[in-house]
Structure formats: C-alpha cells, structure tokens
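Notes follow once the structure below has been shown.
In what follows, chains are A, B, ... by sequence order, proteins preceding strands, each numbered from 1. Keep in mind that the numbers below use all heavy atoms, side chains included, and drop hydrogens, waters and symmetry copies.
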Amino acid sequence: MSGLRRFLPGRSWLGAYAAIYVGFLYLPVVFLPIFSINTAATPKFPLSGYTLKWYEELPHTPALLDAAWNSLVVGISASVLATTLGILAARAITRYRFPGRRTINGLIMAPLVLPEIIVAISMLLVMLQLGLSLSLFTVVLGHVLICIPYSMTVLISGFEGFDRSLEEASADLGESAFGTFRRVTLPMVMPAIISSLLVSFTISLDEFIIAFFLTGTEATLPIYIWGQLRFAAKLPGVLALGTLLLVLSFVMLSIAEVLRRRAARRTSNEGGLYA
Amino acid sequence: MTAAVADSPGVGSRRTRRDVLLQSEAVQGLGLISPTFLYAVVFLLAPIIVVIAHSFWTQHYLTIDRTFTLENYRIALTEPIYRDLLWRSLYISLTVSFLTVVFAYPIAYFISFHGGRHKGLWLFLITIPFWTSYLLRVMAWKVILGYNGVLNSGLMGLGIIDEPSTALLYNSSAVIITLTHAWAAFAILPIFVSLEKVDRTLVEAATDLGDGPLRSFLRVTLPLSIPGVIAALLIVMIPTVGDYVTPKLVGGKDGVMIANAIQVQFGKAANWPLGAALSVTTMVIVTLMALASVFIIRSAARMAR
C-alpha cells in the first residue's frame with residue numbers, strides 16, 4: 001500500500017508537474033524577447049550577438065505608427081463602449097431578478113464560446129448587406145461584441161456580494177436613485193470598472209480575426225504584424241514589437257488584477273475573473 | 001419611485017405589494033439590461049440568422065438568388081475537399097480539447113488543493129502568457145518547430161539528430177501542439193473553479209471511512225468537478241474548430257482547417273452562400289460532437305463511482 005501511495009498524485013509530484021507545465025506555457029513567450037535582441041534575422045541558436053537595432057527601427061516605420069494609432073483608437077472606443085454596456089448588464093444580472101435572465105445572459109456571453117471566424121463573417125455579411133463601408137468603426141462594433149463577455153465577468157465579480165444595505169441606507173437617508181449610484185455604488189465598483197476597461201483594451205489590442213474581416217484599408221497592430229510575417233527578414237522587428245506589446249499587456253493586466261482584487265475585497269467577495 | 005411607494009407600509013395587502021415590487025424589479029432589470037441585450041441581438045443573433053439564410057441561397061457573380069436550395073450543403077458535405085477539411089477540423093478540435101483538459105486537470109487540482117496562500121498568484125502566472133498577442137504566440141511556435149528552428153538546432157547541437165527534421169512543422173501535429181498551448185488557460189480556469197467548490201469535508205469523510213487517496217479522488221473529487229471539466233472541454237472544443245491563424249501559420253498544406261476554406265469563400269472565391277453553409281455545417285457538427293462528449297464524460301464519471 002505504501003509502495004502504491006508513492007505513485008499517487010501527491011504534493012511533490014503535482015508541484016513538479018505544475019512547474020513543468022508553467023514552463024511549457026512560457027516557452028514560446030520567452031523566445032520573443034530573446035530573438036528580438038539577436039543580430040541575425042533568422043531566429044535560431046546559437047545567438048549571433050546582442051543588438052537593439054530592431055527596436056530602434058520601430059519608431060521609423062510609418063506603417064507601424066499608423067497601425068499603433070489605429071489600434072489605440074479602436075481599443076479605447078471598444079473598451080469604453082463594452083464597459084458601458086457591461087456595467088448595465090452586470091448591474092441588471094447581479095441586482096435584479098427578471099424573466100429571461102438566463103437566456104439574455106447566455107446570448108450576451110455567447111461570443112466567448114463561438115469561433116471568432118463565425119462572429120467575424122456573420123458581422124461582415126450584415127455590414128455588407130446594410131451597405132456600410134468597412135472601416136475602423138466596424139472593427140470597433142465587432143470588438144465591443146467580443147469584449148462584453150470579459151467585461152461582464154470582471155464587473156459581475158465586482159458587483160456580486162455588494163452590500164445592498166448600503167444603498168438602502170443611502171436611499172433611506174433621502175438620496176435620490178442617481179445620487180445613491182453616484183455617491184455610494186460608483187466609488188465601490190470603480191476598481192472593477194477600470195479593470196474591465198483594461199481587460200477590454202487588451203483584448204481589442206490583440207484581436208486579429210474580427211479586425212482582419214471587418215476593417216477596410218486601415219490596419220490595426222495585429223493586421224500590420226500579420227502582413228509582416230510574410231517576410232522572413234522582417235521577423236526580428238516583429239519580435240521586438242511583440243516584446244513591447246507583451247510588456248504593455250503585462251503592465252495593464254497587472255493593474256487590472258490588483259484593482260479587481262481591491263474591488264472584490266471592498267465588496268467582500270472572492271472569485272473574480274476566473275469565477 | 002415605484003419601489004419607494006411599494007416599500008412604504010400600509011399600501012394594499014401584503015400580496016399585491018409583493019407583486020408590485022416583483023413587477024417593478026422585473027421591469028427595472030429588463031430595462032437595465034436591454035441596451036446590452038439589443039446590442040447582442042443586432043450584432044450577433046441577427047447576423048447569425050442572416051448567415052443561416054444565406055446558406056440556403058445561391059450567388060451569381062454579385063447578385064444573391066434567394067430561392068431556397070440545399071445545394072450549398074450538398075457541396076459542403078460531399079465535395080471531398082470540404083469533407084476532408086471538416087473532418088480534420090473536428091479531429092483537431094476534439095484532440096486539442098481532450099489533451100488540454102487532461103493536461104490542465106492536474107495543475108488545476110494542484111492549485112486548488114495545494115496552492116495555499118498563493119492560489120491567486122498561480123492563476124495570474126498561468127493567465128499571463130495567454131494575454132500575449134495570439135499571432136505572436138503562434139509565430140513563436142513556428143520559430144520553435146521550424147526547419148532552422150529552436151528545437152531542430154537544439155537537437156542538432158546535442159548531437160541527437162544529424163540534420164534538421166521537417167516532421168515538426170507544417171502538419172496537423174504542429175497545429176495541435178500550438179492550439180493545446182494557446183487554450184491551456186481556458187481549460188485550467190473552469191476546472192479550478194469547480195474544484196474550489198468541492199466540499200473538503202466530503203473528501204475527509206471518504207478518507208475517514210477507509211477510502212485511499214486514489215479512491216476518494218475517483219469517488220468524490222472527480223465526480224464533483226465534472227461540471228468544470230465539461231465547461232473546459234466545451235470552451236476549448238467549439239472555438240478551436242474554427243481557428244484560422246494557427247493552421248495558416250504552422251499547418252502547411254496538411255494542416256489546413258475549415259476556417260481557411262470559409263475565409264476563401266468570403267474573400268477570393270466570393271461565394272458567400274457556400275461560405276455560410278460551411279460555417280453553419282461546422283457549427284452544427286461541432287455542437288453535436290460537443291454534446292456527445294458531454295454525454296460520454298457524464299456516463300464515464302458515473303461508472304467510475
């Protein structure tokens with residue numbers, strides 16, 4: 001029996017497995033920075049030498065700057081819209097009981113489990129049927145749709161377990177419904193809202209398929225990267241750009257996570273983005 | 001305002017007061033959620049209905065002929081090229097979803113049962129790579145698996161192989177590896193959540209009643225975490241069937257998937273109805289496959305007990 005027990009999933013075995021698994025998850029990610037400071041254009045070992053020239057070239061590429069600007073515009077518009085719509089829905093879901101609650105919630109969360117290509121082509125068909133010309137605006141419309149489920153998850157975790165007696169106290173003390181929202185509810189859920197904005201922005205910044213189908217002539221960053229991937233010689237520049245994006249995403253998500261935890265603590269609720 | 005009236009004592013009998021309150025709550029809730037709901041209806045539900053409608057139509061150059069036909073479905077299901085792509089996509093998404101779940105379960109278990117104070121940190125660590133640009137993660141796998149890639153140059157450097165292997169990149173296996181990596185976080189999180197909900201006293205009770213660790217795991221923890229396993233399976237299986245980037249970058253000729261064919265129909269080939277029929281067929285079949293998997297897992301879990 002004790003011989004068998006040694007092979008059962010014990011703490012140390014699982015710990016070692018977890019470490020290896022996390023290593024596997026980070027494996028491709030670590031190659032981006034490594035090859036972005038390598039002198040050779042082909043990514044292979046052994047490394048040929050250290051350079052920052054790929055980074056220095058980035059600000060001198062007009063197409064890249066345009067794409068970055070477009071991504072910024074799309075990301076900000078999509079995250080603000082998605083968070084606004086997310087706030088309304090998350091508030092309704094956590095605060096009220098109403099008929100069709102599950103169905104409506106299911107539809108809103110559906111983009112999470114649909115292949116992105118299905119979302120992309122169905123929106124494309126409708127846009128073309130309506131005679132709307134494809135532009136960054138249509139990309140924003142698509143991004144809002146896929147950001148809402150993530151925004152909702154973050155917001156619901158911030159709104160849930162929210163102590164309603166605080167709002168009732170405010171109402172009893174003569175505050176109007178809007179006043180209660182502005183002075184009691186909003187300050188408590190602000191971290192969750194900022195967290196939702198950051199998560200939505202990050203998703204929009206990375207999203208490729210929907211932007212690929214729904215944009216006209218203007219490229220977002222992933223579309224620019226996609227174009228560059230065809231040229232082997234451009235790879236180190238793309239890796240340098242990817243490294244910068246990685247750092248940016250990491251910083252924004254760390255802030256989002258800290259804020260989400262603060263929101264969850266304020267409303268004394270555990271769970272969160274993952275729940 | 002209505003809520004305030006309903007709340008004030010002495011208005012009507014207890015029952016009607018309750019009804020008014022419930023009604024106003026329903027109205028307020030629906031009113032609040034309606035903008036988001038309408039957005040989803042206009043930009044998701046309606047477009048999907050339009051796609052389904054198109055799949056029964058035909059296209060002559062730039063005009064759509066709206067007479068009902070099943071011709072597109074006949075092509076989608078019987079033309080060897082689409083049939084093969086469909087089968088391969090289903091095979092890849094099934095393999096990826098099962099591999100992802102099998103690899104994800106132990107780590108979710110580790111974090112939930114042995115994570116201690118660092119649960120949040122572990123989850124954060126796991127989600128970070130998933131937030132890096134999807135295109136670049138796929139590209140990184142191309143760098144790793146390529147002819148002059150990291151794996152080949154590493155293996156040659158170690159003297160294990162003499163010349164670079166071409167078997168690593170541009171096939172279904174490369175697609176499966178890349179997708180299994182890309183969707184890991186999506187599988188770990190739902191399993192973790194369901195493991196967190198497992199009542200620890202039940203596991204203790206099983207141990208106290210003489211079950212060894214393996215038996216108490218199989219009879220208590222595993223069955224109770226099945227909802228998470230199923231959620232993880234679905235959340236990976238359904239989106240991966242329509243993946244476009246991975247097959248395009250690392251799949252080569254033998255790793256092309258149905259999304260690439262769908263894209264061609266909406267782009268170069270400009271046959272929307274056929275593209276629509278391919279999309280609908282893919283969704284219907286993957287849904288059936290998902291339902292079958294759920295059924296099999298539930299039955300297996302029942303038998304394990």
Side-chain angles (χ1 to χ4, degrees), chain A residues 5 8-9 11 14-15 17-18 21-22 24-26 28-29 31-32 35 42-45 85 88-89 91-92 96-99 104 107-108 110-111 113-119 121-126 129 141 145 148 202 206 208-209 222 225-226 229 242 245-246 249-250 253 257 274-275, chain B residues 25-26 28-30 32-33 35-37 39-40 43-48 50-51 54 106-107 110 114 123-126 128-129 131-137 139-141 143-144 148-150 153-154 157 184 189 192-193 213-214 234-235 238-239 241-242 244-245 259 262 266 272 275 279 283:
Chain A
R5 187 160 294 170
L8 290 175
R11 199 196 159 113
L14 276 174
Y17 175 79
Y21 195 95
V22 170
F24 166 70
L25 289 184
Y26 278 82
V29 177
F31 286 119
L32 298 183
F35 288 119
T42 4
K44 63 172 180 182
F45 286 114
L85 290 169
L88 297 175
R91 174 87 175 149
Y96 300 97
R97 321 218 131 261
F98 48 88
I104 292 174
L107 177 69
I108 294 172
V113 287
L114 280 175
E116 279 193 346
I117 191 150
I118 302 286
V119 177
I121 58 139
S122 50
M123 283 189 83
L124 174 73
L125 263 187
V126 170
Q129 294 275 301
L141 291 178
L145 190 71
I148 289 175
T202 314
D206 266 358
F208 170 66
I209 291 291
I225 293 173
W226 180 254
L229 289 181
L245 286 175
L246 170 64
S249 301
F250 179 78
L253 290 161
E257 174 66 9
Y274 319 115
Chain B
E25 188 177 313
Q28 283 181 13
L30 281 171
L32 204 51
I33 207 168
T36 320
F37 176 56
Y39 194 92
F43 292 111
L44 184 66
L45 193 60
I48 286 178
V50 170
V51 168
H54 268 84
I107 191 152
F110 172 77
H114 304 294
L123 292 176
F124 189 60
L125 264 180
I126 282 164
I128 286 297
W131 287 109
T132 60
S133 164
Y134 181 53
L135 282 179
L136 289 169
R137 264 181 297 150
M139 193 59 207
W141 278 107
V143 168
I144 294 172
N148 281 319
V150 173
S153 48
L189 299 177
F192 169 78
V193 170
L214 182 64
L234 298 186
I235 230 170
I238 300 175
V241 82
Y244 174 81
V245 173
I262 294 174
F266 283 92
W272 296 357
S279 311
M283 283 313 290

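- Using a 4.5 Å cut-off between heavy atoms, B/Ile262 contacts chain A through its side chain alone, with no backbone atom that close.
- When the candidates B/Ile126, B/Ile235, B/Leu234 are compared by the number of heavy-atom contacts under 4.5 Å with chain A, B/Ile126 comes out ahead.
- To the nearest 0.5 Å, the span separating CG on B/Leu136 from CH2 on A/Trp226 amounts to 11.5 Å.
- Ranked by heavy-atom pairs shorter than 4.5 Å toward chain B, the options A/Val22, A/Leu85, A/Ile117 are led by A/Leu85.
- Nearest heavy atom pair, residue A/Pro99 against residue B/Leu30, reads O-CD2, 3.8 Å.
- Of the listed residues B/Leu44, B/Val50, B/Leu45, the one with more heavy-atom pairs under 4.5 angstrom with chain A than any other is B/Leu44.
- At a 4.5 Å heavy-atom cutoff, the contact between A/Leu107 and chain B is made by backbone and side-chain atoms alike.
- Proximity to chain B involves both the backbone and the side chain of A/Leu141, based on heavy atoms less than 4.5 angstrom apart.
- Smallest separation of non-hydrogen atoms from B/Phe43 and A/Met123: O-CG, 3.5 Å.
- Across A/Gly15 and B/Phe110, no two heavy atoms sit closer than the pair CA-CE1, 3.4 Å.
- A 4.5 Å side-chain heavy-atom check between A/Pro115 and B/Met283 finds at least one atom pair inside the cut-off.
- By the 4.5 Å heavy-atom criterion applied to side chains, B/Tyr134 and A/Glu116 are not counted as neighbours.
- Nearest heavy atom pair, residue A/Arg97 against residue B/Glu25, reads N-OE2, 2.8 Å.
- To the nearest 0.5 Å, the span separating CG on B/Leu125 from OH on A/Tyr26 amounts to 4.5 Å.
- Per-residue counts of heavy-atom pairs under 4.5 Å with chain A were compared for B/Ala140, B/Gly242, B/Gly29; the largest is that of B/Gly29.
- Using a 4.5 Å cut-off between heavy atoms, A/Leu32 contacts chain B through its side chain alone, with no backbone atom that close.
- The side-chain heavy atoms of B/Ile33 and A/Phe98, taken from C-beta on, include a pair separated by under 4.5 Å.
- Between atom CG of residue A/Leu88 and atom OH of residue B/Tyr39 there is a gap of 13.5 Å, rounded to the nearest 0.5 Å.
- Nearest heavy atom pair, residue A/Leu25 against residue B/Ala184, reads CD2-CB, 3.5 Å.
- Note that CZ of B/Phe124 and CZ of A/Phe250 are 5.0 Å apart. Values are rounded to the nearest 0.5 Å.
- Of the atoms belonging to A/Phe208, it is side-chain heavy atoms, and not backbone ones, that fall under 4.5 Å from chain B.
- The shortest distance between side-chain heavy atoms of B/Pro47 and A/Val119 does not fall below 4.5 Å.
- Counting heavy atoms from C-beta on, the side chains of A/Val29 and B/Ile128 never come closer than 4.5 Å.
- Summarising the geometry, atom CD1 belonging to A/Ile104 is positioned 10.0 Å from atom OG1 belonging to B/Thr36; distances are rounded to the nearest 0.5 Å.
- Within the 4.5 Å cutoff, side-chain heavy atoms of A/Leu114 are placed close to those of B/Ile48.
- Between B/Val51 and A/Ile118, the closest side-chain pair of non-hydrogen atoms is not below 4.5 Å.
- By the 4.5 Å heavy-atom criterion applied to side chains, A/Leu125 and B/Phe266 are counted as neighbours.
- Residue A/Ile209 touches chain B through its side chain alone, counting heavy-atom pairs closer than 4.5 Å.
- For chain A, the nearby part of B/Ile144 is the side chain; its heavy atoms alone come within less than 4.5 Å.
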